[in-house]
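First up is the structure itself, then whatever we jot down about it.
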There are 4 protein chains.
Amino acid sequence: MARTDLPDRRANPVRPARLAHEDARAIAAQPSPATGNARSAGSTAVGGRSAGSRRSEAARLAVLNAADDLLVEYGFEGLTIEGIAAAAGVAKQTIYRWWKSKVDILFDNLVLDAGSALGWPEHPSSPADVRAYVHRFATFLGEEPAGRVLQALLGHAQLDPRTAELLHSGFLDELRARDVAHVRSCLGLADDDRAAAVLDAVLAPLYHRALVLRRPLDAAFVDALLDQQLDQQPAR
Amino acid sequence: MARTDLPDRRANPVRPARLAHEDARAIAAQPSPATGNARSAGSTAVGGRSAGSRRSEAARLAVLNAADDLLVEYGFEGLTIEGIAAAAGVAKQTIYRWWKSKVDILFDNLVLDAGSALGWPEHPSSPADVRAYVHRFATFLGEEPAGRVLQALLGHAQLDPRTAELLHSGFLDELRARDVAHVRSCLGLADDDRAAAVLDAVLAPLYHRALVLRRPLDAAFVDALLDQQLDQQPAR
Amino acid sequence: MARTDLPDRRANPVRPARLAHEDARAIAAQPSPATGNARSAGSTAVGGRSAGSRRSEAARLAVLNAADDLLVEYGFEGLTIEGIAAAAGVAKQTIYRWWKSKVDILFDNLVLDAGSALGWPEHPSSPADVRAYVHRFATFLGEEPAGRVLQALLGHAQLDPRTAELLHSGFLDELRARDVAHVRSCLGLADDDRAAAVLDAVLAPLYHRALVLRRPLDAAFVDALLDQQLDQQPAR
Amino acid sequence: MARTDLPDRRANPVRPARLAHEDARAIAAQPSPATGNARSAGSTAVGGRSAGSRRSEAARLAVLNAADDLLVEYGFEGLTIEGIAAAAGVAKQTIYRWWKSKVDILFDNLVLDAGSALGWPEHPSSPADVRAYVHRFATFLGEEPAGRVLQALLGHAQLDPRTAELLHSGFLDELRARDVAHVRSCLGLADDDRAAAVLDAVLAPLYHRALVLRRPLDAAFVDALLDQQLDQQPAR
DNA sequence: CAATAACCGAGACGGTACGTCTTGTCTTGCG
DNA sequence: CGCAAGACAAGACGTACCGTCTCGGTTATTG
């Protein structure tokens with residue numbers, strides 16, 4: 001069950017490519033304007049960078065990991081740029097060179113992790129694939145560390161319009177579009193609106209339970225939810 | 001349509017009392033340990049305050065209003081204690097004397113405003129009362145300034161456990177308990193669990209749409225939601 | 001041999017007064033616009049400060065002393081505001097509240113120390129008083145720690161016009177005016193121009209030797225200089 | 001009136017030679033250890049440098065000029081290596097390769113300019129030559145841009161021992177030795193000590209007036225000074 | 001009808017983190 | 001190899017708020 005579709009929107013464009021066609025499409029589709037990091041995807045392109053001093057991959061990873069660790073340990077408010085720099089063994093300026101804020105760093109982490117945690121099968125086709133995906137989503141949102149990042153960013157998006165914009169146009173919208181398409185094909189629905197309605201009917205209780213009720217998203221709850229919402233779908 | 005049940009948990013205990021038994025019960029039930037504001041609830045109690053000057057009502061209101069205004073103008077992150085103090089014409093220490101943090105101030109504002117905005121009729125009895133309440137809730141959450149406060153606090157609760165604790169045990173839990181009871185009686189449901197399920201089925205999409213999708217909670221959406229969720233209830 | 005005339009231009013106006021008439025005159029004459037510290041000399045004056053929170057004398061002294069120590073230990077370039085704050089056990093903002101720059105701090109130190117080191121007798125009257133003063137000046141400039149401060153500020157005044165302005169209009173001009181007057185009366189000269197010429201003839205070689213030649217200002221050199229410049233004066 | 005004696009201690013050894021014997025002697029005498037720039041003294045040697053690219057003369061001049069311009073425009077404190085590099089269109093590393101600090105760059109500028117501005121006639125012989133030189137010196141110190149560089153370096157030498165060392169052993173000592181010799185021969189003095197005394201008697205007031213009093217070194221002042229100090233010399 | 005005790009404004013204080021700037025070192029690729 | 005370009009670790013800059021702490025001045029009982 002490999003991830004599909006959700007592009008990997010890493011900051012550093014000059015890394016060993018994988019599945020070139022995917023990356024190319026994804027980066028071409030949205031050149032990460034939010035972070036502004038992805039500069040000139042093709043390194044061999046004629047109009048590329050002129051010379052010298054590429055971005056340090058080691059520093060980039062150290063920052064992302066340190067931010068993740070510190071978020072878990074001290075929470076969002078206790079997460080500081082200086083703290084990340086110190087924990088990553090990196091100069092503060094190196095962080096500011098590539099990210100605008102701690103939100104930006106967490107966003108990069110989210111994209112990185114969500115890509116692998118929220119994948120669909122290559123060619124999803126049955127309602128069972130939808131059920132599996134929703135279970136994966138519930139686990140991600142409710143239990144995994146990377147889900148905590150999404151939760152924190154969703155929270156912060158309520159407080160800061162720039163975070164909201166970044167999170168939606170850079171992640172949520174795309175995730176939703178992909179999920180809608182898969183749901184539609186798996187359930188054999190007539191149009192995207194119907195698929196979106198089904199998706200919302202399933203995800204809304206999950207988000208509600210996680211963000212508002214603060215109760216665990218256990219498998220039983222998810223199954224009951226799916227039974228209720230999916231089984232009645234064919235009837236429609 | 002007057003508000004009922006949701007207690008007014010203002011900071012200042014020395015205001016013209018209303019419906020003493022309600023206040024007493026509410027405050028006794030949870031003496032607002034989070035804010036620690038409600039001091040010496042019974043002003044008529046024998047061994048009450050001894051001497052000296054009382055809390056300045058003018059200062060209290062100036063702070064609450066200033067916080068509201070600044071939240072709207074500069075957002076949660078741009079809201080500072082010093083800014084509130086300056087805007088309210090109040091000394092910083094006066095704020096710290098009565099509130100622990102800006103979250104605390106916003107919480108007081110929320111309680112104040114939600115009390116009047118999210119009321120139920122004195123004796124709700126019909127499904128129409130539920131529909132009306134849900135419409136009121138959607139308007140509150142999606143459009144009113146005070147709803148922005150709830151949204152901000154919900155967001156911040158994702159980032160800070162203390163805020164989450166305050167918001168839930170001081171506001172959301174109680175709100176929910178009250179709403180569940182009313183829904184149960186209005187719809188003639190057998191037990192609270194069923195009522196809670198109906199309430200969640202209605203509120204989850206609202207929260208989801210407001211917090212995650214960031215789309216307007218227009219009346220048509222709410223009506224469609226109510227049609228779908230309420231009409232099938234009697235069938236159960 | 002007590003100091004006279006050179007006003008004590010300390011930052012803090014609210015200290016135990018000494019020789020009130022002197023302080024009053026001095027502060028009235030030039031309210032230290034350079035540092036902007038001296039605010040409302042008389043604490044009992046009607047238009048004085050309103051209430052609460054006076055400047056901390058302990059912090060002020062700690063900063064001045066720390067700056068002095070660190071200048072000696074690390075030199076002017078190695079002297080940082082952060083270093084001073086750390087060494088003084090004081091918050092950085094406390095320094096910025098009262099001083100504009102490290103130059104400002106050193107200037108306060110200079111005024112403080114020069115006041116006591118470069119005094120004249122109460123009523124100087126003989127050429128011997130001039131000789132003694134010049135010896136004192138040479139010792140101050142060439143050997144004493146406070147003289148190092150003057151030397152550093154003179155050096156920095158070559159690099160920064162604001163330092164030059166502060167040093168001259170806040171210290172050197174006044175020092176010179178006082179010295180000219182004393183020289184004139186001690187040597188019985190006809191006018192200030194002549195006295196200034198004598199003073200310059202004596203001080204120029206001292207400054208030259210200290211700042212340009214970087215050779216010690218030993219007593220023998222000073223005596224030879226005085227013999228040469230003072231003995232021929234009556235002949236004029 | 002060509003310059004004599006004061007060696008040209010430029011950074012770049014590969015420039016069109018002039019008066020080869022002089023340069024050779026000067027550079028041999030003190031291989032500029034302070035800057036460490038003078039590499040491979042003999043520029044005319046056939047087998048000098050073997051291979052690889054040579055130092056870029058264009059870059060060297062661009063740096064020196066940019067430093068001069070920026071010093072005039074922004075002052076010493078506003079002069080930064082990065083600023084010089086940007087203004088000169090040169091990489092930062094190119095500067096660090098050849099100079100240790102901005103002081104070093106200014107020093108090279110000083111040597112370059114002072115060489116032409118502070119020259120003596122080929123064979124100075126009369127007191128008039130001394131008078132002319134002192135006038136030239138006063139103009140240089142007080143008015144010319146290059147004099148501002150000397151003034152800045154003298155100022156910085158008060159703050160930084162390394163600058164003091166560089167300025168004295170690399171420039172001032174030599175200048176003084178040359179001037180003493182010329183004064184001695186022009187005035188027919190018996191020994192160098194006497195010549196040095198005369199020179200100091202003339203230069204000290206100039207430095208004092210420029211560095212301490214910050215007053216203009218106008219021709220009238222210099223003439224009066226020379227009248228006073230030189231006319232009495234023959235009497236000795 | 002003072003005494004007195006808490007509130008209030010004002011704001012200094014020790015701190016922490018911010019985001020910017022410059023330093024001096026380094027690495028990369030062009031010429 | 002010099003050079004332009006520029007990333008990097010380091011660390012000081014000056015600012016903004018934090019939460020705590022005096023100050024005097026005011027005010028309202030209460031002894």
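Residue numbers begin at 1 in each chain, while the letters A, B, ... track the order of the sequences.
- Counting any heavy atom pair closer than 4.0 Å across all strands shown, C/G83 reaches no nucleic acid atom.
- Mapping A/G78 and B/A59 onto DNA chain E by nearest heavy atom places B/A59 closer to the 5' end of the strand.
- F/dC21 atom C1' lies 12 Å from atom CZ of C/R97, rounded to whole Å.
- Distance, A/Y74 OH to E/dT16 P: 14 Å, rounded to whole Å.
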* Test side-chain contact (heavy atoms from CB on, under 4.5 Å) applied to D/F76 and D/V103, step by step -> CA-CA 9 Å; D/F76 185 87; D/V103 165; 4.1 Å; yes

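- Rounded to whole angstrom, the span from the CZ atom of D/R60 across to the P atom of F/dA4 amounts to 15 Å.
- For the residue pair A/T94 and A/A59, the shortest heavy atom distance occurs at CG2-CB, 4.3 Å.
- Residue A/T94 has a polar side-chain atom (N or O) positioned under 4.0 Å from OP1 or OP2 of F/dA9.
- Listed for the B/K102 side chain is no donor-acceptor partner under 3.5 Å among the backbone atoms of B/A67.
- Across the protein-nucleic acid pair, C/L79 atom CG and F/dG11 atom C1' stand 15 Å apart, rounded to whole Å.
- Nearest-nucleotide mapping onto DNA chain F: of D/G89 and D/E82, the residue sitting toward the 5' end is D/G89.
- Here C/R60 pairs with C/E57 in a salt bridge; the nearest charged N to carboxylate O distance falls below 4.0 Å.
- Look at CD on D/Q93: it is 17 Å from C1' on E/dC30, rounded to the nearest Å.
- Rounded to whole angstrom, the span from the CZ atom of A/R54 across to the C1' atom of F/dA7 amounts to 12 Å.
- For D/L70 and E/dT22, the CG to P distance is 12 Å, given to the nearest whole Å.
- If C/V90 and D/I81 are placed on DNA chain E by their nearest nucleotide, the residue sitting closer to the 5' end is C/V90.
- For D/K92 against E/dG24, a side-chain N or O and a base N or O form a donor-acceptor pair under 3.5 Å.
- Checking side-chain atoms of C/D160 against main-chain N and O of C/H156 turns up no donor-acceptor pair under 3.5 Å.
- Contact annotation: C/W98 reaches the phosphate of E/dC13 (side-chain N/O to OP1 or OP2, under 4.0 Å).
- The nearest whole Å value for the distance from the CD1 atom in B/I95 to the P atom in F/dT20 is 13 Å.
- Distance from the side chain of C/A91 is smallest to E/dG14 among E/dG9, F/dC3, E/dG14.
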